[in-house]
Amino acid sequence: MPYEPGKIEPKWQQRWAGEKVAEVDVADATDKFYMLNMFPYPSGDLHVGHGRNYILGDALYRFLRMQGRAALNPMGWDAFGLPAENAAIKRGIHPGEWTRNNIIREKEQFLRWGILYDWSKEIASCDPAYYRWNQWLFLRLYEKGLAYRGKAPVNWCPGCQTVLANEQVIEGKCERCGSEVEQRELEQWFFRITEYADRLDAGLDALAHWPEKVKLMQRNWIGRSIGADVEFPVPSLGRPIVIFTTRPDTIFGATFMVLAPEHPDVPDLIRDAAGREEIEGWIVRVKNLSALQRQSEQEGKEGRFTGKVAINPFTGEEIPIWLGNFVLPQYGTGAIMSVPAHDQRDFEFARQYDLPIRVVVAVDGVIPDPAAMTEAVSNDGVSVDSGLISGLQSPKAIETIIDEIERRGIGKRMVRYRLRDWLISRQRYWGTPIPIVYCSSCGTVPVPDAALPVELPLDVPFTGREGNPLAMVASFVDVACPSCDGPARRETDTMDTFVDSSWYYLRFISPHDDERIFDTALVNRWLPVDQYIGGIEHAILHLLYARFICRALYDMELVAFEEPFARLFNQGMITKEGYRDPAENMTWVPLAEVEFRESMPYRKGSGSRLVPEIGKMSKSRFNVVPPDDLIARFGADTERVYTLFIAPPEKEAAWSDEGVIGAWRFLNRVWAAGEQILTLTDDESDPAAARMIRKTHQTIDAVTRRIGRFEMNTAISAIMELSNSIGDYLNGGGRSRPDAGGSYRTLLQLLHPFAPHVTEELWEMFGRAEMIVTSRWPVADRELMQEDVVTIAIQVNGKLRGEIEVPAGSPEEMVGSKAKAHPKVAQYLEGKDLVKTIHVPGKLVNLVVR
RNA sequence: GCGAAAGUGGCGGAACUGGUAGACGCGCUGGACUUAGGAUCCAGUGGCUCGCGCCGUGGGGGUUCGAGUCCCCCCUUUCGCACCA
C-alpha cells in the first residue's frame, strides 16, 4: 500500500477536531504552559513561507502535550484595520464581510496544515463582544490621565488619509502604503506611554528569554539619556531659556545657542529682528517639510540668527541665539547649548556660520587647535579652561558641574526619553469607536460603562474621499449627552489596531466573559505567556505597547505581573529566489516560466530581461508558494517537515522547490519501513538489534533536548538517522518484530510533532487504539544509550594518524599502549622521544613526540 | 556615521563546556529496476595528488599537546537606528 497523504490527512484532521484534542479547560489546569502565536491579521494570503511560525508552534504544542503538560494554544484574529477598509472601497464589499471571508479561508488553511488550536477560545477583535473591552480599557486609562486629547503635530499619510503613530513612519514614509508622510497640526487622542518610559526601559533587564536584538531595539526606541536641564538667562526676554544636555561638563565651551524653529519663545525673540519677514518665511518652510525631508542628510543644516543673545551661566559671556532646522522640537526642551568643539552637529553648524569654537576637553592629553579641527572631539577626557571642573575626568566633571548647577538653582539632573506618546486616533471607519461624546455645555464626556459597547454602525458609505466615513453617519454622530441629556456629538475617530493587540492575550483565558475584560484569578494562574512566537517586525510596535498596557493593568491591580511574555521567539522569514521582470515592475516570475522564456529564441536578449533576486515570500511580490498546490502533491506533513528542516527556525531560510523532495522521500521511507516491519514473523529478541536499540535511546534523548531548545532542524535530522538505522537493521536481514517494532514506534512518536498525520496513520496500522497525539512521550534509558565499544582517534602532535576500537571505559594505559602499537602510528613514533600523552576518555589519544 | 549579528563543500546546514570538521538533506556521478522516466533503490561525493601524502571553517597573527570554537588586528555581508543634544 503506498503512502497517500491526500487520503489520510483529512481523516486525522477530522478526528483531532472531533475529539477536541487541543481544547484545554483553563479552570482545572495546574502544570500550565501558555504558548501563543502572534495575533494574525486575516488577509487571506496565507502561503507556505507564512506558515512557518504556526507549524513551529504546533510542533512545540504536540511535544508539550505528549509530555503531559497542560498546554494552551489559542488562536484569534486581529480583524480591524486599514486593508479591509481599502478592500471595501476598491471592491465594493463591506470590510466586515471581507474580513469574515478571510478568517474562514485562513482557518481552513490551519486545519489543512494539521495545526491544533483551542478554537473554543477563538476571538476576533472586530466583534463588539471584544472591542467593547477596548472601550472599557480606554475609559480606565482616561480616568487615570493615561488617555488624553491634545493638539499635536502629527504624521499624516496622504495615501491612507489618516494619521500615523511615530512607530508607523519608516524612513519618513508610511509603513503601510509607502506615501511620504506630512506634518499636520490636529486634535488627536494619545495614550501616555511616556509615563512608563522608565519602567519599560528598566524591565528589559529582567527579560532573560527575549532575543537580545529585540531588547536592544526597544532600548534604542525608548532612548533613555541622562543629563541636565540648565537655564540660560536671556536679557531681552526677561526670562531664561532652558536647554537639555547630556554633556554639562562642556558648558564652558558653549559659544552659542540653537532653538528649534517651533520653540515657543521664537516669536518673542524675532519680533523686532532685522529681516524678520525672511526669518518667518524660513520657519514656515522648515515646519512644512515632511519628516523625510527634514531628516534627510542632503538637506544639510540651516539656521537663522535671531539677533538676540543669552548669557552662558558659567562663563558669563553673551552668546548668540540661533534657530536651526536640526534641532527637534519634540526632544528635550527644543533648545540646545552648542559646543562646537565637542559635538559634531554643533561643529558643522559653527563652521557653516562662522561661529566661535572653544576647546574645553583634552582627550589623551591633547588640546586641539580650534582653527585646525576638521571634526568635533566628542570622547571623554579631562576638562580644561572650565573653572571649577578643570582637571577632572569627564564622568567626575559631569557630576561636579550638575551639583553646582543645582546648588545655584539654575537647573537640575534630568532623564529624558526619545519615546513619544502613543497616538491612537485614526480617522478611519474599520476600528473600535472611541467612547467619547462632545457636548456643547458639558465638554468632553466619557461614555458610561453601562452604555458600552459603542457599536460601529454597519451601514456606512465608502467613497474613498478624504475624511472618516463615520462622520457622515448622522445616526452615529448625533447622540444625547450622557451627562446632561442635551444634544451632543460622538467622537468619530477610531482606535489604532495596536490597541486591540495590546491585551488580546489576556482575553484568550476567558473569551466569552461579558461581565469583565478578563478573569483576573485565571489570568494570574496562566500568565505571563510562557512562549510567544512571532516575527521580528513587531519588535518595537506591538511588543512595546503590550508591555505598556500590561503595566497599566498592573497598576490598576487587574494583573499581578508587569511583563506579559516570559519567552519570546522570533522566527526567521522564508525567502525565495526567483526572477523579477523589470518591465512589469514587482512581478515575480516562477522558475518554470523563466525556463520557458529562455527557450523562446525570439524573446532571448530582446524585450525585458529577467533579474534574479532573492526576496521575502510575500503576496505583493508574487513569489509565494501556495500551500494547496504543495499539499496536493506531497501532503501537509512533507511541507511541515521541510519547513522546519530547512534551517534553524530563527534564521532566514531560502525555500527550495527541489529541497522539498528530501522530506517527501524521508516520509516514504518511514512508511515503507513500517510496512516491512508489519510482515516480520520472528518473535524473539535479536542480539543484532543492539545497535538499533542503542540508537533509539540516543535519539529520544537528542530529540527531547533539541525540541526544547527550538532546534527543530537538528531534531529532524536525528530522527532521520534513527530511520536510517532501522533501515540498516532491516536491510541487514534483521527479523525481530519486537525489536524493530519497538524502535519503530518510538520513531513515530518522535516524528509526530513534525509529521502528525502520517505518524497517526502508521501508529494505527501498528494496532494502537489510542491516538499517538495522546500517547506518552518516550523516555530514554541511560543504560541502553551507552556504547560498549568506542572508537578512539589517535593523534601524533595533534594530527590524526589512526583509529582504534576499545571497550568503553578502558583504562588509560591500555588505550595508550594499543595506540602506540597501531602500525601507522608506530611509523610516526619511530626514532622520536615520546614527551607527553594526552588521553581524552572515549574520544582520543594525542601522542606528543620530539 | 552609531549599534548588533554572521562568514564552514556546488547548495541548505551539523559540530554540547577547545578534542576525529562537513552529521542530516538537496544537488551531482556511477549502477540496479524499467518501454521510458524528472519515480524508486544501492554505492560514491571538501580540494589537490587520485600511491604514501598534503591543504582545508573570510584573511593575517597569537594562546594551546590540540582551535570552526578562545584572544588581537583586518576584510566582507546582513539587519536595526539614523541630526535624540
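- Dashed line: the shortest gap from a side-chain N or O of A:N713 to OP1 or OP2 of B:G12 is not under 4.0 Å.
- Each of A:N846 and A:K799 lies near RNA chain B, and the nucleotide nearest A:K799 is the one positioned closer to the 5' end.
- To the nearest 0.5 angstrom, A:T696 atom OG1 is 9.0 Å from A:L750 atom CG.
- Listed nucleotides B:U20, B:A14, B:G53 differ in distance to A:T714; the shortest reach to its side chain belongs to B:A14.
- In the set B:G66, B:G13, B:A85, B:A85 carries the atom at the smallest distance from any side-chain atom of A:T245.
- Nucleic acid contact for A:R801: sugar-phosphate only, since backbone atoms but no base atoms lie under 4.0 Å from a heavy atom of the residue.
- At the heavy-atom level, A:E212 lies nowhere under 4.0 Å from the strands shown.
- For A:E721 against A:K695, the heavy-atom pair with the smallest separation is OE1-NZ, 2.8 Å.
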Inset, instruction - Report the C-alpha distance between A:D205 and A:R219 in whole Å, list the side-chain angles of each, state the deciding distance to 0.1 Å, and finish with yes or no for salt bridge (charged side-chain N to carboxylate O under 4.0 Å, His left out). - result: CA-CA 10 Å; A:D205 292 331; A:R219 208 160 259 141; 2.7 Å; yes

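- In this structure, A:R669 reaches the sugar-phosphate backbone alone: every heavy-atom distance under 4.0 Å involves primed, P, OP1 or OP2 atoms, never a base.
- Whole-Å rounding puts the A:K651 NZ to B:C11 C1' distance at 12 Å.
- Counting any heavy atom pair closer than 4.0 Å across all strands shown, A:Y828 reaches sugar-phosphate atoms only and no base atom.
- Comparing B:U77 with B:C26, their C1' atoms sit 24 Å apart, to the nearest whole Å.
- A:N312 places a side-chain N or O within 3.5 Å of a backbone atom of A:A254 that can act as its donor or acceptor partner.
- Out of B:C65, B:A14, B:U20, the shortest distance to the side chain of A:E803 is found at B:U20.
- Side-chain atoms of A:R418 do not come within 3.5 Å of backbone N or O of A:S225 as any donor-acceptor pair.
- Side-chain atoms of A:I719 and A:L747, non-hydrogen and from C-beta on, do get closer than 4.5 Å to each other.
- With P as the reference atom, B:G25 and B:U40 are 14 Å apart, rounded to whole Å.
- Nucleic acid contact for A:N668: none, since no nucleic acid atom lies under 4.0 Å from a heavy atom of the residue.
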Legend entry - Bracket string, RNA chain B, 5' to 3' - pairs by Watson-Crick or G-U geometry under 3.5 Å, | interstrand: (((((((..(((......[....)))((((((.......))))))(((....)))..(((((..]....))))))))))))....

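- Remark: P of B:G25 and CG of A:L751 are 14 Å apart, rounded to the nearest angstrom.
- Between A:E348 and A:R351 no salt bridge is recorded (no basic side-chain N to carboxylate O distance below 4.0 Å).
- Going from the C1' atom of B:G68 to that of B:G13 covers 14 Å, rounded to whole Å.
- The A:M720 side chain lies nearest to B:G25 when the options are B:A14, B:G25, B:U20.
- As judged by a 4.0 angstrom heavy-atom cut-off over every strand, A:Q795 is placed among the base-contacting residues.
- Residues A:K824 and A:G223 each lie close to RNA chain B; by heavy-atom proximity, the contact nearer the 5' end of the strand is made by A:K824.
- Side-chain proximity of A:I646 to B:C65, B:G19, B:G12: nearest is B:G12.
- An OP1 or OP2 oxygen of B:A4 is reached within less than 4.0 angstrom by no side-chain nitrogen or oxygen of A:N220.
- Taking atom P on both nucleotides, B:G47 is separated from B:G10 by 8 Å, rounded to a whole Å.
- Residue A:E721 places its side chain closer to B:C24 than to any other of B:G3, B:C24, B:G19.
- Using a 30° and 60° split on the angle between ring planes, A:H542 and A:H538 fall in the perpendicular class, above 60°.
- Counting only distance, with no hydrogens or angles, the side chain of A:H342 and the backbone of A:T250 share no donor-acceptor pair below 3.5 Å.
- Between A:K213 and B:A5, a side-chain N or O to OP1/OP2 separation shorter than 4.0 Å is absent.
- Backbone-only engagement by A:L216 is indicated by non-hydrogen atom pairs under 4.0 Å involving sugar-phosphate atoms exclusively.
- Residue A:M217 has its side chain nearest to B:G80 when only B:U20, B:C41, B:G80 are considered.
- Nucleic acid contact class of A:T791 (heavy atoms, under 4.0 Å, all strands): base.
- Contact annotation: A:S338 side-chain N/O to B:A85 OP1/OP2 distance is not under 4.0 Å.
- For the P atom pair drawn from B:A67 and B:G59, the interatomic distance equals 15 Å after rounding to whole Å.
- Distance check on atom P: B:C54 versus B:G44 gives 24 Å, rounded to whole Å.
- Closest to the side chain of A:R418, from the set B:C81, B:C26, B:C55, is B:C81.
- For A:T246, whose side chain is taken as the heavy atoms from C-beta onward, the closest listed nucleotide among B:A85, B:A23, B:U20 is B:A85.
- In the set B:G27, B:C65, B:U20, B:G27 carries the atom at the smallest distance from any side-chain atom of A:E658.
- Residue-level contact check: A:R665 touches the backbone only, with heavy atoms under 4.0 Å from sugar-phosphate atoms and none from bases.
- Stacking of A:K301 on the aromatic ring of A:F326 is recorded, both the 6.0 Å distance cut-off and the 45° axial limit being met.
- A:L847 comes within contact range of no nucleotide atom at all, as no heavy-atom separation falls under 4.0 Å.
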